[in-house]
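For reference, the structure discussed in these notes is given below.
As the structure lists them, so they are numbered: ligands from 1, and atoms in each ligand from 1.
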Amino acid sequence: MSAPPSDSQPASRAVPSSVDVVVVGAGFSGMYLLHKLREMNLSAVAFEAGTDVGGTWYWNRYPGARVDVESLAYSYSFSEDLEQEYEWQERYPTQPEILRYARHVADRFDLRRDIFFRTRVNAAAYDEQGRTWRVRTEHGDAVTARFLVMATGCLSASKLPEIPGLDRFAGATYHTAHWPHEGVDFTGLRVGIIGTGSSGVQSIPVIAEQAAQLTVFQRTPAYSLPARNRRLRPDEIAAMKANYRTFRQAQKESGFGVPTPIPTKSALEVSDEERDATFERAWESGSLVNLLTAYADLSIDQAANDTAKRFIHRKIHQIVEDPRTAADLCPEYPVGTKRPCLDTGYYETYNRENVHLVNLRRTPIVEITERGIRTSDQAYEFDVIVYATGFDAMTGALTSVDIRGRGGAPLDEAWSAGPRTYLGISSAGYPNLFMITGPGSPSVLSNMVVSIEQHVDWVTDAIAYLDHQGLTTIEPTQEAEDAWVDHVNLIADATLYPKANSWYMGANVPGKPQVFMPYAGGVGEYRKTCDEIAAQGYKGFALSV
Ligand code: NA7
């Protein structure tokens, strides 16, 4: 895998020995945190492994990478000036456009002066006597902080597949989450790609246009809707800018962080014609949320969900000319229980003569060889292999840091049977440690920017409260954490989510506990709960002087 070249040189300066807050990560969470902490006159530094801000949008530079929430909604709301000034170009911006936005925010709020780039945090240990966190970086620097905030993202610990022979391949290999900054030219090459999640679904059509041959190795098909991306019109940008405050409030109260009418009808109570017309409108709208919220029971009732599944299967069979390929592209798990995708020409790509689908359910990969990929029935030769194989989601970036709480307890051991948090923000035994969009919060089931802002606001309010009250530590009680974990599970079990082998469940990482990690109760409900807990003097947390 190629290492990214540098593109943002921080001024050379020494890491301070002590600050109020250490922030790990300079993606959308870390950036807003730094800004807020400065406004509170707290000292803070952020450590970032990349050479620039942007997090997900810094790393995932694969061809075709786009966000699947609309730009005007997938943007910070904390600064009205920023909202008004910034001009988004596209409905679903590309990775370069989103990275440009992140850089603009970093410049506008002068964030880089408190960020140490090219600096991975290796370890953090809580000092019970000093009531501080001691944080160590890969360069050997150590900094002491009153608070530690992990703004490390839900999808940042990338994953290679567990396939024998990974090192044997003689050609070039790329993981979608570590794409070379200079891009890759596939012209005239024979390319194999493993993985058909969002990264595969977005990159396959673009790679197919360049490559001599593209062979897609699919273990589980994705449900994908056409994005119907386009340039934004000046009038719609102006209308949103005039209405932003109302829109932002609606985002906060919504289920997914994207305002949509709340469905009241069951998919089973309407005629086939009415249902098809509704699904057709959702398909035409280019919005995942419109499909997922078309009926009230799609996420909780198998028979209702089957109606959406049949609709999408029909679409795939209409688009893909070869019936066997079309059948292989049809998922069997309930719609929405693995992360659905938005694409640009994905299914159509399988009608190209240079694209070939290998169904790994029928013919699994046996090994990677020096020349390519061998499945149970054939050896394929490639010049390039692309791994679009995803992430150790939600917990990977947290447990890969050696975090030790009270009594030196390692976080990865405390979470060995699955992540345990209170509100997805904090964990018992780890005082003054906060996670932004951690497991047990809506996070990946929502518009991430909405959830990030809510967590950053809640965490910084909690710090302000402690300082105002002359308190030094905040830590969830074991009872509150246990009750929250039970609540998260109860909600998940009332849905169809646990029916799929998804990264929401940790199913893509061999040996990872199978626990549904995000909170499925919706961002509006979740926010209410967080606000109530704060209003009751941080109920469920032990606060001490
Ligand atoms: P995803 O969604 O986790 O997709 C990874 C894909 O790679 C998925 O199709 C996996 O199949 C496949 N995979 C993983 N390991 C293997 C092995 N060993 N053999 C074959 N196939 C494998 O990651 P993405 O980067 O595409 O997207 C992540 C999120 O970013 C996305 O959900 C959006 O929120 C944005 P599986 O499904 O595990 O059978």
By ring pair (Phe, Tyr, Trp, His ring centres under 6.0 Å) - contacts of Phe186 (at least two apart): none
Would you tell me whether Arg361 and Asn359 have side-chain atoms, one donor and one acceptor, within less than 3.5 Å of each other? no
Would you say the side-chain atoms of Lys512 and Thr395 include a donor-acceptor pair closer than 3.5 Å? yes
Dump all N/O pairs between ligand 1 and the protein below 3.5 Å as a table: atom names plus distance, one pair per row.
{"residue": "ligand 1", "atom": "2 (O)", "partner": "Trp503", "partner atom": "NE1", "Å": "3.3"}
{"residue": "ligand 1", "atom": "7 (O)", "partner": "Ala388", "partner atom": "O", "Å": "3.2"}
{"residue": "ligand 1", "atom": "9 (O)", "partner": "Thr196", "partner atom": "N", "Å": "2.9"}
{"residue": "ligand 1", "atom": "9 (O)", "partner": "Gly197", "partner atom": "N", "Å": "3.4"}
{"residue": "ligand 1", "atom": "15 (N)", "partner": "Arg219", "partner atom": "NH2", "Å": "3.4"}
{"residue": "ligand 1", "atom": "25 (O)", "partner": "Ser199", "partner atom": "OG", "Å": "2.5"}
{"residue": "ligand 1", "atom": "26 (O)", "partner": "Ser198", "partner atom": "N", "Å": "3.0"}
{"residue": "ligand 1", "atom": "26 (O)", "partner": "Ser199", "partner atom": "N", "Å": "2.8"}
{"residue": "ligand 1", "atom": "26 (O)", "partner": "Ser199", "partner atom": "OG", "Å": "3.3"}
{"residue": "ligand 1", "atom": "32 (O)", "partner": "Trp503", "partner atom": "NE1", "Å": "3.4"}
{"residue": "ligand 1", "atom": "34 (O)", "partner": "Arg339", "partner atom": "NE", "Å": "3.3"}
{"residue": "ligand 1", "atom": "37 (O)", "partner": "Thr220", "partner atom": "OG1", "Å": "3.4"}
{"residue": "ligand 1", "atom": "37 (O)", "partner": "Lys338", "partner atom": "NZ", "Å": "2.7"}
{"residue": "ligand 1", "atom": "38 (O)", "partner": "Arg219", "partner atom": "NH2", "Å": "2.9"}
{"residue": "ligand 1", "atom": "39 (O)", "partner": "Arg219", "partner atom": "NE", "Å": "2.8"}
{"residue": "ligand 1", "atom": "39 (O)", "partner": "Thr220", "partner atom": "OG1", "Å": "2.4"}

Applying salt bridge (charged side-chain N to carboxylate O under 4.0 Å, His left out), name anything that partners Glu370, two or more places apart in sequence or on another chain. none
Inter- and intrachain pairs under salt bridge (charged side-chain N to carboxylate O under 4.0 Å, His left out), touching residues 219-230, at least two apart: Arg228-Glu284, Arg230-Glu236
Knowing that exactly one of Trp57, Tyr58, Tyr174 qualifies, which makes a ring-ring contact (aromatic ring centres under 6.0 Å, His included) with Trp179? Tyr174
